[in-house]
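Numbers for residues simply follow the sequence, beginning at 1. Predicted, not measured: the structure shown is a model, and the values here were computed from it.
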Amino acid sequence: MTFSKIRNTGNSNSTGTGTSSQFQTRMKSTALPLDEETELDSLDNANVTTANTNEISTSTSTATSNNTTTTDMLSNKTKSGTPSPWAVFDAWGAGEGLFPPLSPSDESKLAPSSVQIPLSSDKRESANDETEILAAYDKLLQNKSSNHFGYPYNLKYDHGELHGFMKYTINNLGDPFVSSNYGVHSRPFECAVIDFFAQLWKIEQGDYWGYVTTCGTEGNLHGILLARECHPDGILYTSRETHYSVFKAARYYRMDAKAVPTLPTGEIDYNVLSEELDKNRDRPAILNVNIGTTVKGAVDNLDRILRILQMLEIPRERFHIHCDGALFAMMMPFIDYAPEISFRKPIDSIAVSGHKMLGCPMPCGIALARKEHVKKVEQRIDYLNSVDTTIMGSRNGQAALYLWYSLRKKGLEGIKQDVLHCMETARYLQSKITQAGLTCRLNDLSSTVVLERPLDESLVQRWQLACEEDIAHVVVMPNVTKQKIDKFVQELVLCKQTHGRIQPIRHDSPLNMLGCSSWGGEVNAPPVRDYKSE
């Protein structure tokens with residue numbers, strides 16, 4: 001079993017239409033197992049350093065106004081356009097056209113008064129039939145899923161073969177590698193999933209520990225917990241555009257945390273990070289590295305951060321690195337010339353979501369860490385006849401089974417083709433929005449297309465766009481097709497004609513940051529209004 005990666009030879013911020021010629025697929029020999037040194041070396045040869053493209057000049061390395069200072073978190077609480085041929089799972093048509101909205105009759109069946117649980121026999125007799133309510137709910141989910149653009153969930157899958165297992169209470173309580181007395185579990189499948197990701201992120205057998213989590217947030221909570229246990233007096237450094245779960249972990253664990261400003265593209269400001277690390281040399285450094293930020297899909301340059309640590313002569317035993325890879329840590333191993341994110345570098349843990357790139361009917365994720373760190377939180381629980389090493393006690397064994405099924409059915413080839421689809425289709429969307437005369441950006445190594453926020457709130461709700469102040473984004477997943485993109489862009493154009501374009505809410509707003517030259521390429525920025533004296 002070997003990896004195939006996608007070669008990106010185009011500028012992700014250009015305005016030209018993305019075509020399949022910009023992504024050359026390199027197929028590798030399948031003669032060697034994944035963990036063979038020869039295979040690892042061949043992957044390394046493809047991972048040409050991207051430091052030159054990520055190291056932004058001093059003139060653009062500091063954002064404007066209130067994004068120039070580090071926030072102390074303790075004092076401030078505040079084929080292009082076509083479905084992937086390997087995304088073959090489609091239980092109800094997520095990759096097809098758009099499903100119609102509910103009729104007034106169906107909407108009434110889902111009203112709060114209709115779905116409330118009756119407490120008397122009289123109310124039960126007059127209540128709507130549960131079958132009719134569920135039928136209306138199914139139609140609602142079909143509509144919402146077919147119009148889903150703003151959040152990173154792969155909705156194109158079919159786990160019909162597993163539906164029979166829903167009659168079992170599958171609970172992987174305790175440690176995945178230490179069986180408990182409860183026998184209705186899916187530990188063998190969970191361990192197989194963990195082993196897959198250990199090979200994906202290149203850590204030797206016997207050196208790693210992991211488990212299937214409820215979501216990416218739990219993976220971050222676990223990774224930051226390990227960091228705090230290794231360095232109780234450490235300071236957590238992360239960018240302001242980090243997922244909120246990392247700041248939540250800092251509050252839960254009462255850690256000193258620094259919210260470091262970001263570059264306009266969403267990456268951490270490396271110069272400010274270096275200054276903060278230098279100022280606090282007397283305390284260990286705990287760093288959260290984003291492998292794709294929530295809003296802009298920006299990937300922090302791990303190699304550059306490691307060079308900063310080396311330049312400051314901070315020894316390995318004085319720093320701890322957690323990688324939040326919710327979506328993109330699943331994609332980057334399949335992209336040629338992408339920076340390597342692996343345990344062959346001095347990182348300590350990675351968290352990734354399982355329901356995002358792979359697709360799963362319930363939120364889930366994977367946490368992977370160096371085994372030596374987990375010993376610091378391990379406790380024997382006689383009641384379980386296992387050990388307590390996870391955030392949760394009872395754990396959803398169904399999720400492990402579903403992840404195993406997806407990985408077995410797709411394989412490396414299927415995942416690679418899904419990634420290819422997402423990257424190419426994101427470029428198609430960026431090109432269509434730019435041609436429509438709207439502001440739009442796409443980070444390198446990302447399938448998150450950032451655009452100016454539409455002024456029609458009904459459009460935002462209909463397409464379920466994720467918004468931040470004056471920008472919105474679309475996360476292109478395997479279920480996003482060219483047909484849906486064309487319809488979406490048509491509605492954007494109509495919105496512009498009817499409501500106009502949003503103006504930046506302030507000089508350093510997210511929308512104004514999209515116009516920064518550090519993104520590269522051209523951008524259709526909103527016109528600057530001339531305030532001349534009368």
Practice problem: Using atom types as modelled and distance alone, determine if a side-chain donor or acceptor of His473 lies under 3.5 Å from a backbone N or O of Val295. | Solution: yes
Quiz item: Would you call the rings of Tyr151 and Tyr153 parallel, tilted or perpendicular, where under 30° means parallel and over 60° means perpendicular?
Solution: parallel
Quiz item: Between the side chain of Gln430 and the main-chain N/O of Thr448, is any donor-acceptor distance below 3.5 Å?
Solution: no
Quiz item: For the side-chain contact (heavy atoms from CB on, under 4.5 Å) test, which of Val299, Asn301, Thr293 pairs with Glu267?
Solution: Asn301
Quiz item: Are Glu469 and Ser509 linked by a side-chain donor-acceptor pair shorter than 3.5 Å?
Solution: no
Practice problem: Verify, without hydrogens or angle tests, whether Ser447 (side chain) and Ala426 (backbone) share a donor-acceptor contact under 3.5 angstrom. | Solution: no
Quiz item: Does Asp300 use its side chain to pair, donor to acceptor, with the backbone of Leu302 at less than 3.5 Å?
Solution: no
Self-check item: Which atom of Pro176 lies closest to which atom of Cys191, heavy atoms considered
Solution: O-SG, 3.4 Å
Quiz item: In terms of the angle between their ring planes, are Trp463 and Phe488 parallel, tilted or perpendicular, with boundaries placed at 30° and 60°?
Solution: perpendicular
Quiz item: Can you list the steps and then say if Asp470 with Arg453 is a salt bridge (Lys or Arg N to Asp or Glu O under 4.0 Å)?
Solution: CA-CA 5 Å; Asp470 48 9; Arg453 183 172 184 163; over 6 Å; no
Practice problem: Give the C-alpha distance, both sets of side-chain angles, the deciding distance and a yes or no for side chain to side chain contact (heavy atoms under 4.5 Å, CB included) between Asn154 and Leu358. | Solution: CA-CA 7 Å; Asn154 178 7; Leu358 286 177; 6.0 Å; no
Quiz item: Around Lys487, counting heavy atoms of other residues, nucleotides and ligands shown, do more than 12 lie under 6.0 Å from its NZ?
Solution: no
Quiz prompt | Within 6.0 Å of NZ in Lys139, more than 12 heavy atoms from elsewhere | solution = no
Self-check item: Between Glu452 and Thr439, a side-chain donor and acceptor under 3.5 Å
Solution: yes
Quiz item: Can you name the one residue among Phe165, Trp404, Tyr402 that meets ring pair (Phe, Tyr, Trp, His ring centres under 6.0 Å) with Phe189?
Solution: Trp404
Quiz prompt | Minimum side-chain heavy-atom gap Tyr428-Asp486 below 4.5 Å | solution = yes
Exercise. Supply the atom-to-atom distance His507 NE2 to Asn512 CG, rounded to the nearest 0.5 angstrom.
Key: 8.5 Å
Quiz item: Salt bridge check: are Lys202 and Glu340 linked by an N-O gap of less than 4.0 Å?
Solution: yes
Self-check item: Main-chain N/O of Leu407 paired with Lys410 side-chain donor or acceptor, under 3.5 Å
Solution: no
Quiz item: Does the pair Phe334 and Leu200 meet the rule for a side chain to side chain contact (heavy atoms under 4.5 Å, CB included), with working shown?
Solution: CA-CA 10 Å; Phe334 302 92; Leu200 186 70; 4.0 Å; yes
